[in-house]
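On a predicted model such as this, the values are computed, not experimentally measured, just so you know. Residue numbers begin at 1 in each chain, while the letters A, B, ... track the order of the sequences.
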There are 2 protein chains.
Amino acid sequence: MDRAENRFGGDTLAAGSATLNPLYKEVKSRLTRGLAGGEWKAGEAIPSESRLAERFGVSIGTIRKAIDELVAERILLRHQGRGTFVATHTEDRTLFYFFHIVAKDGTRELPVTELLSFRKARADALEAERLALQSGAPVFRVRNLLKLSGKPVIVDEIAVPAALFTDLDRDVFGGREGTIYGLYQAQYSITVTRISERISAGRAPARIAALLGLDTGTPALAIRRVAYTYDDTPVEYRVSWVNTEHHEYLSDLWRTRGNEP
Amino acid sequence: MDRAENRFGGDTLAAGSATLNPLYKEVKSRLTRGLAGGEWKAGEAIPSESRLAERFGVSIGTIRKAIDELVAERILLRHQGRGTFVATHTEDRTLFYFFHIVAKDGTRELPVTELLSFRKARADALEAERLALQSGAPVFRVRNLLKLSGKPVIVDEIAVPAALFTDLDRDVFGGREGTIYGLYQAQYSITVTRISERISAGRAPARIAALLGLDTGTPALAIRRVAYTYDDTPVEYRVSWVNTEHHEYLSDLWRTRGNEP
DNA sequence: TTCGATTTGTTCGTATGTATT
DNA sequence: TAATACATACGAACAAATCGA
């Protein structure tokens with residue numbers, strides 16, 4: 001079909017104009033903007049492929065190719081016969097992808113979180129850099145103790161921009177159901193789509209070592225994480241200290257086949 | 001088209017028989033077997049999509065869908081106008097995906113390897129388990145010192161099944177050009193397609209600490225890696241000790257968008 | 001340098017299968 | 001059962017990159 005047919009009118013895509021991108025990339029970008037802008041919310045279904053094809057003035061194959069990539073990035077979720085849904089952080093499934101500490105015997109388990117402290121503060125240099133903020137910008141700082149099988153294993157220190165999380169307070173944070181990223185998504189319409197982690201070994205500060213039941217000087221894992229949302233805006237900086245006596249960090253790359261049985 | 005047309009004859013695919021899989025999965029499996037069996041070697045081009053379509057008796061679209069997945073798994077590489085090629089471990093590109101230690105200032109660099117020792121030995125319990133061998137099976141053990149910017153940062157202890165690497169010796173290993181996985185691929189037709197790493201913090205053994213210039217008791221990163229080939233057979237077990245004073249482990253998950261500019 | 005053959009990349013359309021509601 | 005939605009498979013046309021004559 002002549003792509004010029006799609007040049008005008010409402011939502012349909014212009015092919016020869018600003019973008020030299022393939023059509024499906026343009027569709028993908030539109031869908032991503034719709035997600036970021038809240039047109040479709042977490043857990044909701046996006047319109048069917050045929051409706052999207054109509055709306056954008058492209059073929060279903062082009063729509064499918066765009067959605068394929070968003071599914072590969074775990075931003076969307078397809079269910080045959082039901083529809084295509086915005087991925088949520090409520091399911092165990094997703095937690096699997098954002099929590100990498102496993103017992104050395106291989107068993108996986110969801111941590112139980114205990115809120116240690118909640119404060120409003122000003123971003124230090126490192127937080128500001130990682131969160132792309134002005135130094136001194138207001139942030140919320142949260143400290144959590146994470147237990148596995150009832151024993152403390154991880155201490156998290158989380159910093160999020162106050163501008164993105166208006167009215168976040170200790171009760172909201174501590175009283176949440178589900179995961180922290182589930183809270184971001186449900187309460188603040190902020191969906192974490194990707195994380196980047198840098199891992200080193202060190203001696204945990206005395207207070208943290210005490211919380212983890214570590215002797216002073218015992219090696220522990222330090223994980224520095226930045227979490228990003230749809231448009232790759234950083235939304236959270238997190239430092240985790242891990243007692244690796246009985247647990248370790250699992251990095252199982254490119255297990256794309258993981259989708260399959 | 002009626003899939004029964006493809007039921008008989010040479011290489012063409014049987015649809016209604018043994019497999020209930022989609023055709024493209026069957027094609028993918030055939031391609032993977034061809035790669036594992038050496039029909040197409042590292043760096044070579046596989047037949048064109050149209051030829052494969054003819055050979056398997058399916059449409060080009062089906063071939064493309066099969067290849068799509070192999071490309072996503074970095075097993076194949078497409079070049080518009082040239083063909084589809086078997087990924088090699090010779091290029092810096094791939095090293096990017098199998099080497100995760102970066103300087104804390106963010107700069108990436110390829111390590112310079114120094115062979116410390118090479119021995120034939122019998123697999124201990126852990127090696128046997130990780131490599132799916134009988135305990136006591138013959139293995140080669142290699143110890144390497146890896147330098148970044150001229151300074152020692154990592155000590156690797158590698159174990160590989162002797163059965164897979166016949167006649168491997170110190171000279172072959174030390175005299176290689178390029179990466180270790182490049183050697184496996186070029187000399188032994190063993191292609192590492194996937195790795196799984198488990199990371200913990202600890203005190204390096206005295207000999208290793210000395211090599212890394214660490215005071216005894218200084219925390220270091222311990223990485224235990226299993227490398228797998230096409231059919232998910234484990235082919236290498238490796239323990240790396242990392243001095244994380246100036247370097248760290250980078251885990252940048254699901255950067256599938258990494259392919260794009 | 002130009003041209004034509006080859007190969008992958010994009011887009012369209014259609015038909016049918018399978019799962020869900 | 002019927003309608004809907006995604007999944008698979010086919011075919012065709014053209015675009016874009018590559019390579020050799």
Ionic contact status for [Y] with [X], cut-off 4.0 Å:
X	Y	value
Glu26(A)	Arg33(A)	yes
Glu69(B)	Lys25(B)	yes
Arg30(A)	Glu39(A)	no

Exercise. Does anything in residues 36-44 of chain A reach DNA chain C, meaning a heavy atom under 4.0 Å, and if so which residues?
Worked result: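 DNA chain C contact set from residues 36-44 of chain A: none.
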Test side chain to side chain donor-acceptor pair (under 3.5 Å) applied to [X] - qualifying residues, sequence neighbours left out:
X	value
Ser189(B)	none
Thr233(B)	Asp231(B)
Asp105(B)	Thr107(B)

Quick one: [X] [atom1] to [N] [atom2], roughly how many Å, whole number?
X	N	atom1	atom2	value
Glu26(B)	dA7(D)	CD	C1'	17 Å
Phe56(A)	dC12(C)	CZ	C1'	18 Å
Ile63(B)	dT7(C)	CD1	P	14 Å
Ile60(B)	dT6(C)	CD1	C1'	12 Å
Asn21(A)	dA15(D)	CG	C1'	15 Å
Leu76(A)	dA7(D)	CG	C1'	16 Å
Tyr24(A)	dC12(C)	OH	P	13 Å
Asp68(A)	dA7(D)	CG	P	8 Å

Problem set entry | Pairs where residues 61-80 of chain A contributes a residue and the test ring pair (Phe, Tyr, Trp, His ring centres under 6.0 Å) is met, not counting sequence neighbours |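 Pairs touching residues 61-80 of chain A that pass the test: His79(A)-Phe85(A).
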For this session: Using a 4.0 Å heavy-atom cut-off across all strands, classify Gly83(A) as base, sugar-phosphate, or nothing.
Result: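 Sugar-phosphate only.
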The side chain of [X] is closest to which nucleotide in this list: [options]?
X	options	answer
Glu49(A)	dA7(D), dT10(C), dT8(D)	dA7(D)
Ser48(A)	dG9(C), dG17(C), dA5(D)	dA5(D)
Gln80(A)	dG9(C), dC6(D), dT11(C)	dC6(D)
Arg64(B)	dT11(C), dG9(C), dA9(D)	dG9(C)

For this session: Name the pairing partner of dT1(C), where a pair is Watson-Crick or G-U wobble with both distances under 3.5 Å, or state none.
Result: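 Its partner: none found.
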OP1 or OP2 of [N] under 4.0 Å from side-chain N/O of [X]:
X	N	answer
Thr62(B)	dT8(D)	no
Arg78(A)	dA7(D)	yes
Ser50(B)	dT6(C)	no
Arg51(B)	dT7(C)	yes
Lys65(B)	dA9(D)	no

For this session: Between Thr84(B) and Arg82(A), name the one whose nearest nucleotide on DNA chain C is closer to the 5' end.
Result: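 The residue closer to the strand's 5' end, by nearest nucleotide, is Thr84(B).
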Exercise. Does Phe165(B) have any ring-ring contact (aromatic ring centres under 6.0 Å, His included) partners at least two apart in sequence or in another chain, and if so, which?
Worked result: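 Tyr184(B), Tyr188(B).
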